[in-house]
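Inspection log for the structure reproduced underneath, given as structure tokens.
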Amino acid sequence: MYSSLVRTVLMLRSWCFRRELREEAGVTAETWRPLGAYAITLNSIARVHLFLAEGLTLGPQQLMPSEADFKVMWWPMDDAIQAAAQGRFLLQGGPLALLLAQQVNGPLLT
């Protein structure tokens with residue numbers, strides 16, 4: 001019973017992050033590598049779950065009215081790393097995801 005519950009939770013999480021990438025960025029991926037779950041702040045139980053999505057296919061965004069100002073930006077990896085070093089990421093998970101993806105996959109190439 002416990003293992004089927006764990007499988008169900010993992011399937012739901014998988015569905016959620018796949019849906020979020022498709023809706024907010026218009027992107028689907030062939031493969032996903034989990035990079036971990038990290039506390040958003042020191043005293044918070046909320047976690048940010050990070051993944052490396054590979055084999056990307058681009059499509060239209062499917063935004064909700066409250067997300068109408070969401071913009072997708074594609075950067076060469078060197079520019080993304082420089083933006084992280086300069087504190088230009090709006091979400092704290094971005095720089096961490098870059099670092100973790102580089103460790104999982106070796107140096108990230110543009």
Side-chain angles (χ1 to χ4, degrees):
M1 180 171 130
Y2 178 75
S3 65
S4 64
L5 176 62
V6 169
R7 268 196 306 270
T8 301
V9 168
L10 291 175
M11 285 174 39
L12 286 172
R13 283 188 184 163
S14 170
W15 180 81
C16 290
F17 61 76
R18 291 170 193 269
R19 182 198 68 220
E20 287 298 308
L21 186 63
R22 184 182 65 250
E23 289 177 358
E24 294 180 7
V27 174
T28 57
E30 289 180 19
T31 61
W32 295 81
R33 294 183 199 207
L35 300 175
Y38 302 89
I40 293 175
T41 64
L42 288 177
N43 296 322
S44 174
I45 62 169
R47 315 284 283 172
V48 60
H49 296 265
L50 302 174
F51 298 88
L52 175 61
E54 299 173 298
L56 305 180
T57 300
L58 305 180
Q61 289 175 284
Q62 302 166 13
L63 301 175
M64 303 296 291
S66 63
E67 301 168 331
D69 61 342
F70 282 17
K71 303 280 186 274
V72 175
M73 297 174 56
W74 296 98
W75 293 352
M77 189 53 64
D78 289 344
D79 292 351
I81 292 169
Q82 184 177 17
Q86 294 171 348
R88 293 190 287 136
F89 270 77
L90 297 178
L91 301 173
Q92 69 272 29
L96 178 58
L98 288 172
L99 173 69
L100 294 170
Q102 191 171 20
Q103 291 177 351
V104 166
N105 227 17
L108 294 173
L109 304 175
T110 52

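Counting from 1, the numbers follow the sequence of the chain as shown. The model shown is predicted, which means the values in this text are computed figures rather than measured ones.
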Minimal non-hydrogen separation, [X] against [Y], with atom names:
X: Ala53; Y: Leu21; answer: CB-CD2, 4.2 Å
X: Leu56; Y: Ala29; answer: CD2-CB, 3.7 Å
X: Ala83; Y: Trp75; answer: CB-CZ3, 3.1 Å
X: Leu35; Y: Ala97; answer: CD1-O, 3.9 Å
X: Tyr38; Y: Leu50; answer: CD1-CD1, 4.0 Å
X: Ser44; Y: Ala39; answer: O-CB, 4.2 Å

Are [X] and [Y] linked, directly or through other ILVMFWY residues, by side chains that come within less than 4.5 angstrom of each other?
X: Trp74; Y: Phe51; answer: yes
X: Met73; Y: Phe89; answer: yes
X: Leu58; Y: Phe17; answer: yes

Intermediate values then yes/no, side-chain contact (heavy atoms from CB on, under 4.5 Å), Leu98 and Met77: CA-CA 9 Å; Leu98 288 172; Met77 189 53 64; 3.5 Å; yes

So CD of Glu20 and CD of Gln62: to nearest 0.5 Å the spacing works out to 11.0 Å

If you measure from CZ on Arg88 to CG on Asp79, what distance do you get to the nearest 0.5 Å?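 If we round to the nearest 0.5 Å, Arg88:CZ and Asp79:CG are 7.5 Å apart.
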
Ignoring hydrogens and angles, tell me if any N or O in the side chain of Gln61 forms a donor-acceptor pair with the backbone of Glu23 under 3.5 Å.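 Pair absent, no side-chain N/O of Gln61 close to backbone of Glu23.
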
Are more than 12 heavy atoms from other residues, nucleotides or ligands located less than 6.0 Å from atom CG of Asp69?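 Count over threshold, so yes.
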
